[in-house]
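Chain letters run A, B, ... following the sequence lines, proteins first, then strands; residues in each count from 1.
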Amino acid sequence: MTRYLLNRLGQTILIMILVSFLTFFLVSIMPRDPVYALYGSTIDQEQYEIGYKELNLDKPIIQRYFIWANKALHGDFGISYKYSTPVTKVISDKIGVTLYLSIFSMIISMPIGILLGIITAVKRGKWQDTVLTLLANITASIPSFVIAVVLMWVFVIKLKLLPTSGFTLPWVDFGKSMKQGVLPLVCLSLVGIAGTCRQTRSSMLEAIRQDYVRTARSKGLKEGFIIYKHVMRNGLVPIITLIGGSLGNLIAGSAFIENVFGIPGMGNLLVNSVNNVDIPVMQASVMLTALVVSVAYLVTDFLYVAVDPRISLR
Amino acid sequence: MNMNKITPSSDADVLKRAKRREQKKRDIRRFFRVMFSRKIVVVGAAGTLFFVLVAIFAPLIATHDPNYIQNGKNLLDPSAQFLFGTDMYGRDLFSRIVYGTRVSLLTGVLSTLLATLIGTFLGMLAAYLGGVVDMVLMRICEMMRAIPQLVISMTLIAAFGGSMMSMVIILCFGGIWNSLRMMRASALSVMSNDYVLAAKLSGEPMLKILYKHILPNSVSPIIVSASQSVGFTILMESGLSFLGVGIKVPTASWGSIINEARVYLITNPLYALIPCACLAVLIISLNLLGDGIRDALDPTLRGES
């Protein structure tokens with residue numbers, strides 16, 4: 001058990017090192033002169049030379065990677081080209097917003113998705129299953145920004161129920177935050193609900209097919225008891241592993257929602273940094289996203305081992 | 001090609017080949033029968049076919065040049081001359097949407113195809129060679145799993161620009177790893193069969209073993225996942241274009257049309273809602289068709305996910 005956990009931890013660290021390689025080299029080949037980007041294009045030759053030295057551009061790329069990685073480990077991702085402030089400061093303002101949206105919508109979508117998944121699996125082949133599965137398939141197919149634009153049209157423009165855009169954190173102004181947050185959260189959660197419902201259904205159906213369920217049935221146990229005691233206990237365990245992947249999807253997917261509703265989060269920041277070729281911000285965003293996703297995978301794997309004794313060792 | 005080297009073609013041989021052809025025909029017929037046994041798959045196939053036809057015959061269907069700007073005729077309502085109205089620059093929206101079908105389908109299909117080919121090959125290599133090759137490829141896969149595809153695609157676009165070709169390659173890059181992982185798992189299970197060992201012992205070259213023994217026996221999950229990821233790839237492309245970091249304007253992409261149009265949601269709601277509907281219908285159709293293909297190829301998964 002401990003060995004597995006240590007192994008998994010080492011793997012995560014290795015992944016992060018690889019991601020840092022990738023982000024550094026990928027971003028280094030971008031068509032933008034870092035000196036001009038940072039100090040403006042009006043500087044003369046002498047100032048350029050100084051800036052060139054200061055950014056270590058005279059050193060070979062490998063050495064530059066290690067300098068960058070060392071600084072990044074200490075939380076210093078350089079200075080944003082666009083905002084001219086440290087990247088860490090630029091990002092720390094935004095990542096809270098995105099994490100708040102992602103985690104909140106996960107808290108909404110997980111229980112609803114699991115509940116609907118259980119219903120479809122238990123009522124397999126009946127009309128409840130047909131309708132819910134079709135709805136889930138359709139919802140999972142529609143891009144979230146399409147859902148967002150359509151919902152905005154219906155609720156903001158036609159019915160005039162909700163404010164257009166903007167974002168407030170709940171501890172600043174609760175009422176306003178909820179009003180502004182309803183549509184973004186609904187959009188983010190819908191996709192999550194559909195995905196979770198589908199996964200829960202297939203995992204539950206897998207459990208229903210097992211021998212112990214047949215044994216329980218032939219013993220004459222009540223169907224509700226079997227579902228609760230045998231099917232759900234086994235069928236819901238694999239759902240834990242979904243958390244890691246869906247957190248990544250939510251963080252990436254919130255880019256669309258933030259864009260539509262004008263929410264100042266990581267997604268919007270990343271889009272801006274791509275449009276402005278703001279290399280330090282891009283590097284930091286990719287690293288941070290990868291870190292959050294990897295940690296989520298790590299935690300879910302630990303949870304999985306803790307919950308299911310059958311896979312304690314690998 | 002070298003089948004007849006050992007024995008010249010005899011009657012028995014001809015009969016055998018005819019039988020095999022007969023079997024293949026029956027398999028194909030059964031494939032289509034199972035696939036279309038659910039009505040909803042027929043709907044998906046019809047929707048997909050519709051958009052494919054629109055994409056192929058775009059020049060015939062479009063009523064105007066999609067990039068031609070009619071001065072002073074911007075944001076017109078739908079009329080006989082402009083079926084869906086005009087956009088913010090005075091271009092015909094109907095023609096832009098018709099041509100946008102091409103962009104969506106072409107990037108979706110091409111990059112999925114490329115990603116599947118490369119992923120399949122690398123996956124087989126990883127399974128067959130094992131050792132360092134396997135380890136390196138698997139680590140890359142794990143790394144790519146940690147970065148959401150949207151994020152990596154955006155970074156790549158910043159580096160390589162947003163032409164349609166680079167878009168195909170960027171989306172392909174994001175899609176390789178899934179099919180690599182899947183092919184590796186499937187190839188590993190095929191490799192434990194005796195006929196692979198026999199082929200190895202008889203000194204067949206690696207590429208031939210991969211192509212003749214491993215690929216045919218693990219191809220159906222690959223086809224299933226490829227058919228299901230076309231929709232996802234189109235979603236990615238339109239999403240990136242929607243965020244303004246996708247295919248560069250003035251090329252008409254549904255995502256970028258929606259992006260332009262949402263400012264006018266109050267005055268010209270159809271401008272945004274029509275491409276939204278097209279995108280939704282296309283991706284839903286593709287996914288329904290993909291489900292049908294899955295049902296036909298992989299009976300164990302029938303209707304369960």
Problem set entry | NZ or CZ of A:R8 within 45° of A:F302 ring axis and under 6.0 Å | no
Exercise. Tell me, side chain or backbone of A:A121 under 4.5 Å from chain B's heavy atoms, or both, or neither?
Worked result: neither
For this session: Check each of A:L236, A:T120, A:I119, A:I114 against A:M204 using the side-chain contact (heavy atoms from CB on, under 4.5 Å) test, and report the only one that passes.
Result: A:L236
Exercise. For the residue pair A:Y65 and A:W68, does the interplanar ring angle fall in the parallel (under 30°), tilted (30 to 60°) or perpendicular (over 60°) class?
Worked result: tilted
Exercise. Do any N or O atoms from the side chain of B:N259 and from the backbone of B:F242 form a donor-acceptor pair under 3.5 angstrom?
Worked result: yes
For this session: For each of A:N259, A:L22, A:V293, tally heavy-atom pairs with chain B at distances under 4.5 Å, and name the one with the top tally.
Result: A:N259
For this session: Would you mind checking which part of B:L282 comes under 4.5 Å of any heavy atom in chain A, side chain (CB onward), backbone (N, CA, C, O), both or neither?
Result: neither
Problem set entry | Heavy-atom contact with chain B under 4.5 Å, split by part of A:I147 | neither
Seminar exercise, completed: Most heavy-atom pairs under 4.5 Å with chain A, out of B:I40, B:V151, B:L288, belong to B:V151
Exercise. What part of B:F232 lies closer than 4.5 angstrom to a heavy atom of chain A: side chain, backbone, both or neither?
Worked result: neither
Exercise. With no hydrogens and no angle check, is any side-chain donor or acceptor of B:S104 less than 3.5 Å from a backbone partner on B:T101?
Worked result: no
Seminar exercise, completed: All heavy atoms of B:L240 vs all of A:F256, minimum pair found to be N-CE2, 4.5 Å
Exercise. Between A:I17 and chain B, which part of the residue has a heavy atom less than 4.5 Å away: side chain, backbone, both or neither?
Worked result: neither
For this session: Answer with side chain, backbone, both or neither: which region of B:L273 has an atom nearer than 4.5 Å to a non-hydrogen atom of chain A?
Result: side chain
Problem set entry | Contact leader toward chain B among A:T200, A:V277, A:N275, where contacts are heavy-atom pairs under 4.5 Å | A:N275
Problem set entry | Part of B:I152 within contact of chain A (heavy atom distance under 4.5 Å) | side chain
Problem set entry | Among A:I142, A:L291, A:V274, residue most engaged with chain B (heavy-atom pairs, under 4.5 Å) | A:V274
Exercise. Where does B:R262 contact chain A at under 4.5 Å (heavy atoms): side chain, backbone, both or neither?
Worked result: side chain
For this session: Determine, stepwise, if the pair B:R145 / B:E142 fulfils salt bridge (charged side-chain N to carboxylate O under 4.0 Å, His left out).
Result: CA-CA 5 Å; B:R145 198 181 69 153; B:E142 280 157 12; over 6 Å; no
For this session: State whether the side chain of B:W254 and the backbone N or O of B:S238 hold a donor-acceptor pair below 3.5 Å, judged by distance alone.
Result: no
Problem set entry | Interchain contact, B:I284 with chain A, by part (heavy-atom threshold 4.5 Å) | both
For this session: State plainly whether the residues B:D291 and B:R294 are in salt-bridge range, i.e. N to O under 4.0 Å.
Result: yes
For this session: Sort out for me which of B:N287, B:I234, B:L243, B:L235 touches chain A most, counting heavy-atom pairs under 4.5 Å.
Result: B:L243
Seminar exercise, completed: Scored by heavy-atom pairs under 4.5 Å with chain A, the best of B:A280, B:G239, B:A272 is B:G239
For this session: Return the option, out of B:G231, B:P275, B:P269, with the maximum number of heavy-atom pairs under 4.5 Å with chain A.
Result: B:P269
Exercise. Name the one of A:R201, A:R198, A:K123, A:R124 that satisfies salt bridge (charged side-chain N to carboxylate O under 4.0 Å, His left out) with A:D129?
Worked result: A:R201
For this session: Measure A:I157 against the heavy atoms of chain B and call it side chain, backbone, both or neither at under 4.5 Å.
Result: side chain
For this session: Report yes or no: does B:R102 contribute a side-chain atom to a donor-acceptor pair with the main-chain N or O of B:A55 at less than 3.5 Å?
Result: yes
Exercise. Is it the case that B:T112 and B:T233 place a side-chain donor and acceptor less than 3.5 Å from each other?
Worked result: yes
Exercise. Looking at A:V271, A:T289, A:V150, which one has more heavy-atom pairs under 4.5 Å with chain B than the rest?
Worked result: A:V271
Seminar exercise, completed: If one checks every heavy atom of A:L14 against chain B at 4.5 Å, the contacting part turns out to be side chain
